[in-house]
Each structure stands twice: as C-alpha cells, then as structure tokens.
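First up is the structure itself, then whatever we jot down about it.
A note on names: the letters A, B, ... follow the listed sequences, proteins ahead of strands, and every chain is numbered from 1.
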Number of protein chains: 2
Amino acid sequence: MSSRLTVDARRAQLLELGLRLFSTRAYDDVSIDEIAREAGISKGLLYHYFGGKKAFYVAVVALAAGHLLQAVAPSVNLPRPERARIGLAAYFDFVEARAPAFSALMRGGLGVDPEVGGIVDRTRRAIVAMILDGAGLAEPRPAFRVAARAWVGAVEAASLDWLEHRDVPREELISLLVAGLGGMLAQAAMLDPEAGASLDLSALAGLWSGKALTP
Amino acid sequence: MSSRLTVDARRAQLLELGLRLFSTRAYDDVSIDEIAREAGISKGLLYHYFGGKKAFYVAVVALAAGHLLQAVAPSVNLPRPERARIGLAAYFDFVEARAPAFSALMRGGLGVDPEVGGIVDRTRRAIVAMILDGAGLAEPRPAFRVAARAWVGAVEAASLDWLEHRDVPREELISLLVAGLGGMLAQAAMLDPEAGASLDLSALAGLWSGKALTP
DNA sequence: CTCCTTGTTGAACTCTATTCAACGAAAGCC
DNA sequence: GGCTTTCGTTGAATAGAGTTCAACAAGGAG
C-alpha cells in the first residue's frame, strides 16, 4: 500500500513518527500495529528496518539525544565566562522548541531497555563536558564529577518543572541554575584544593553574571 | 502448592519479591510466570491480589516510595539549621541501605504507567517539604519551587552517581549538595525579594555548616 | 522486454498477560 | 465429630501483542 522509498527516507520517516508517538504516550501503550498503521506500512517493514520494538524505541531515543546535543553544541565556540549561561540558554531553547523530543529522552522509559540508560548517560556526559570544560575540568576528579553530574540532574528537573508550569522567566531560571553550579563548584574546590587550584576561578566568578551572590 | 496465608502476609510477600525483582531488571524482563514461580504460587493468585502486572508494579513502586519517606521523616523534628544536612544524611543512609528500593523508585520505568510518575512526583514534593519547610517556604513562590525541584533533581543524580562510583565520602557529597542549595536559594531570594524576605536567612546561612563559601 | 535487486507485504506463529470456573483448606456452626 | 461456609488458591483456556518468514512487486539495469 505504501510507495517504495529509499532506505534513508523510510528510516527517517519512521523515526520521526516514533518520536511523535513515544513522546506523548508510554512504551507499552504504543503497539507495533499502531506504528505501522500510522506510517502506512506493514508491521513486517518495521522489523526489516529495526530489529524489533525495543530496538526501534532505542533508535528513537538516540535520535532525540542527537537533537539535544546538536542544539547545545554551538556553545563550545563561545568565550569561557559566557559558556555556561549561553549553553544553558541553548539547552532551554531546545527544551522549548522540541518539548516532545526532550520528554521522550528524559521521561522516556529508562526501564524499557538497558541501552536507553546508556544513551541518556552518554548524552549527559557530553553536555556537561561541553558546558563545563571551559573551567579547566577536562578530566574531573571525583568531587567535580559528582558536582557536575548533580548539576545536570538539577537542570533536567528544572526543565521539566519549567515545561509544566512556565511561571518563571527563562533568564531567571538560568540564573538560579548557574548560582547552584557556582555554589557546588566552589565547594568542590574547597574539598579538593589540589584540583581546585586548576579551576579557572575567573570563569567561576563570571558564572553569576555580575550579580552578587554572597549573603 | 503454596500454603494458605492471610491476605496481608501474602501481599507483603509478593511486594517484597517484586521489589527484589524489579530493582535489578526491567519491567518487561520480569514475566508474570517468573514472579509466580519464585513466589511459589500460581499466576492467577497475583491477579487476585493486584489487578494485573502494571498494578502490581505500581504497588511495588509505591512501597519503595513509602520506605524512602519513612527514612527521611525523622528529620522534621530537628532544629532548623541542621535540618537540611541531617535530612540529606538520612536520605543517603536510605540510598545506601536500600539501594535496590531506591533504584526501583528512580530508575524504575516512568514510562510503564502514568501512575508511577505521580508517585515519584508526590514523593519528591513530600521530601522537599520535609527538608526545606524549616526555611519558611511552606507555600513556595515559583522561583523557590523551581529551585527546590531542581535541587531534588541534583540530589537524585548525585545519589545514582554515588551508588555507582563510591569515590566521594558521604559527608563531602552532602556539603556539595548543600552548597548548591544555598547558591540557588540565595539567588531565588534575590530574584523574588518579597518572598525572599520571609526566608529564614539564618537557616540559609547555616546551610553550609560554617565553612565559608564566598570566593 | 526481461531480469534482478530489494523494498514491501500479510498471514502464520510464539510468547505473555489475562480471565474464570472449579478446587480445597481453614473457620464457624450444630 | 461431622457439616457447611468462606475465601485463598489453582490451572487450563483465552486474548492480544510481538516476531518470523516465504512470497510479492516496484523500479532500475542490460
């Protein structure tokens, strides 16, 4: 019933559809039959392109992760002091523009397949590397790694809250998160002075954009 | 084949088993047959106690959430300045002692059933209320709500990292997170001075346990 | 026009969740 | 003690979703 497409076009069509379906509904609620019906193809074709339902879902999540990385990537070309703020702004731009893909990535079933957890994890690491490496934290010591990882958790949680309520201006949200990052990095530098010495303190000080934070 | 038990005993047995199974393996990977076999009962009995597989999973997640809340609850009786640190310590005690239950709650499939998301959400709110309400933030304004929500995200992310690596002392991890909380709350108070005025600044100052944070 | 590659199909199959009518072990009654 | 009632428990039957595979046909190559 469906016209003959090239491999790439068909894959792209199916992935786009998967993104649309899985970002609003749960993994179990979307059946293979429904995907095939909406795409105008037979079930068998989905198995021809992806090995099965789980593999298809993993591919969709990987696509969403790629979109997110692509959105945040440009920030690496910016001067260091601005990197965190601009990177965060790009992050929220993406969250706003492609809310479905973001939801698919974050709320998406971590329990569906172990591979999904790996994708989310790698994406987090890549993002934290892009946003933070300007502070001289290429190979982070444990305290800095945990701080960075925790901060990414804060950013994700804030994003989901922001999508739900939308009652805080984006700029204020960024200031909040950057202040939290500053607090944690400063504390990490205190806990591990040796590694903290290599921390670019001017970049750290620039995090909160000139507004005084100290009580 | 199985001896006749009271309703409560059987429910408890099955929930405990579910906690053990679902904390290490994905929802789809655990079949009803396996649950029944390990419990020494027939499949039908599981349907008699819980309405189905999803409902059973939801009950398991709810149990894990209850355990977590119970573990953090004692902190509400403590003096305010210490509350955040002690609450966090209790939180990590639980994470350490009942890692499976914690994983089931956090890594657990949010995509399995909408109800699961609700449970996790309510648990987060309850925890943030218990740990933070000492700072006079009963009905948080948006900026404070987002800050609190983001901070919980940071705590969860740090917990998972901690379980995985175990290369940062618990006390240091707590200091890191508390510093992050302090940074965000201070910034929130600046963004919303009206609400910030009601913030217990002495409690806030006490967050980072006397160690200076300012650069 | 014919052949050949390969995107595509759909019916058959398997595996797992779900249902339900019947069983039997404890509790209550005479 | 025997009888009845209750209800925890069973397992075979059913339903529905994921998976497989042999065959089909659209489009290009010669």
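The base of D:dT19 sits within donor-acceptor range of the side chain of A:Lys43, with an N or O pair under 3.5 Å.
If you measure from atom NZ of A:Lys54 to atom C1' of D:dA17, you get 14 Å, rounded to the nearest angstrom. Computed from coordinates, the B:Asp28 CG to D:dT19 P distance equals 10 Å when rounded to whole Å. One can place CG of B:Leu46 at 14 Å from C1' of D:dT10, the figure rounded to the nearest angstrom. To the nearest angstrom, C1' of D:dT9 lies 12 Å from CG of B:Leu14. Following rounding to the nearest Å, A:Ile32 (CD1) and D:dT20 (P) show an atom-to-atom distance of 11 Å. Following rounding to the nearest Å, A:His48 (NE2) and D:dA22 (C1') show an atom-to-atom distance of 14 Å. Atom P of nucleotide D:dA17 and atom CG of A:Asp29 are separated by 11 Å, given to the nearest angstrom. Nucleotide C:dT9 holds its C1' atom 14 Å from the CG atom of A:Asp33, rounded to whole Å.
With the nearest nucleotide of DNA chain D identified for both A:Tyr27 and B:Ser42, B:Ser42 has the one nearer the 5' end.
Judged by the 6.0 Å distance and 45° axis criteria, B:Arg166 is positioned over the aromatic ring of B:Trp162.
Residue B:Tyr49 places no side-chain N or O under 4.0 Å from the OP1 or OP2 atom of D:dG8. Between B:Arg10 and the phosphate of D:dT9, there is a side-chain N or O to OP1/OP2 separation shorter than 4.0 Å. Between B:Tyr47 and C:dT19, a side-chain N or O to OP1/OP2 separation shorter than 4.0 Å is absent.
Note on A:Phe56: nothing from the nucleic acid sits closer than 4.0 angstrom, heavy atoms only. Across all strands shown, B:Gly44 has heavy atoms under 4.0 Å from base atoms, whether or not it also approaches the sugar-phosphate.
Across every non-hydrogen atom of A:Met184 and A:Ala147, the tightest pair is CE-O, 3.7 Å. Nearest heavy atoms, A:Ser175 versus B:Gln187: CB-NE2, 3.4 Å. Residues B:Ala143 and A:Val168 approach most closely at N-CG2, 3.9 Å, considering heavy atoms.
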| field | Step-by-step side chain to side chain donor-acceptor pair (under 3.5 Å) determination, B:Arg11 to B:Thr6 | value | CA-CA 9 Å; B:Arg11 267 189 73 94; B:Thr6 69; over 6 Å; no

